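For reference, the structure is listed below as structure tokens.
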Amino acid sequence: LSQESYTTQLLEAGIDRIAQKVIEEAGETALAAARGDTKHISEEAADLVYHLLVLLSASGVTPDAVWEELRDRRRR
């Protein structure tokens, strides 16, 4: 990753900052949905997914681990 990239900046800022961004984007996604603003729902959801993936990476958790957890829950 480039030293100037947003992802690099987030990773350098640490888990607390990344977690704050996940919370922020989740709120913005929920508010867009509550308003029925479909254009912004997809934009905010993309931001949320991006920040969540960065959080997972910074935490040492793979997306595959999340998918496996969801599969396990479906089997219960």
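Being a predicted model, the structure only gives us computed values, none of them experimental.
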TODO: Mind jotting down which residue pairs meet the side-chain hydrogen bond (donor to acceptor under 3.5 Å, both in side chains) criterion with at least one end in residues 24-35? Sequence neighbours excluded, please.
DONE: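 Counting only pairs at least two positions apart or across chains, the side-chain hydrogen bond (donor to acceptor under 3.5 Å, both in side chains) contacts touching residues 24-35 are K21-E24.
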Open item on the list: Suppose the criterion is salt bridge (Lys or Arg N to Asp or Glu O under 4.0 Å): which pairs have a residue in residues 5-19, not counting sequence neighbours?
Closed with: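 The answer is none; no pair qualifies.
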Are [Y] and [X] connected into the same hydrophobic cluster when the rule is that any two of I, L, V, M, F, W, Y join if their side-chain heavy atoms are below 4.5 Å apart?
{"X": "L11", "Y": "L48", "value": "yes"}
{"X": "Y50", "Y": "L31", "value": "no"}
{"X": "I23", "Y": "L55", "value": "no"}

Task: For the student: nearest non-hydrogen atoms of P63 and L53, plus distance - done: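 That would be CG-CD2, 3.8 Å.
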Task: Heavy-atom pair of closest approach, residues E68 and R75 - done: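 Heavy atoms of E68 and R75 come nearest at OE2-NH1, 3.8 Å.
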Open item on the list: With a 6.0 Å cut-off (strictly less than), is the heavy-atom count around CZ of R74, excluding the residue itself, greater than 12?
Closed with: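 Counting other residues, nucleotides and ligands, CZ of R74 stays at 12 neighbours or fewer.
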Task: Summary of ring pair (Phe, Tyr, Trp, His ring centres under 6.0 Å) pairs that have at least one residue in residues 51-76, sequence neighbours excluded - done: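 Every pair satisfying ring pair (Phe, Tyr, Trp, His ring centres under 6.0 Å) with a residue in residues 51-76: Y6-H51.
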Open item on the list: With side chain to side chain contact (heavy atoms under 4.5 Å, CB included) as the test, pick out the partner of S59 among L56, T62, V61.
Closed with: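 In the set L56, T62, V61, the residue that makes a side chain to side chain contact (heavy atoms under 4.5 Å, CB included) with S59 is V61.
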How many angstroms lie between atom [atom1] of [X] and atom [atom2] of [Y], to the nearest 0.5 angstrom?
{"X": "K39", "Y": "E44", "atom1": "NZ", "atom2": "CD", "value": "10.0 Å"}
{"X": "E43", "Y": "T38", "atom1": "CD", "atom2": "OG1", "value": "10.0 Å"}
{"X": "S42", "Y": "D37", "atom1": "OG", "atom2": "CG", "value": "9.0 Å"}
{"X": "I18", "Y": "L52", "atom1": "CD1", "atom2": "CG", "value": "11.0 Å"}

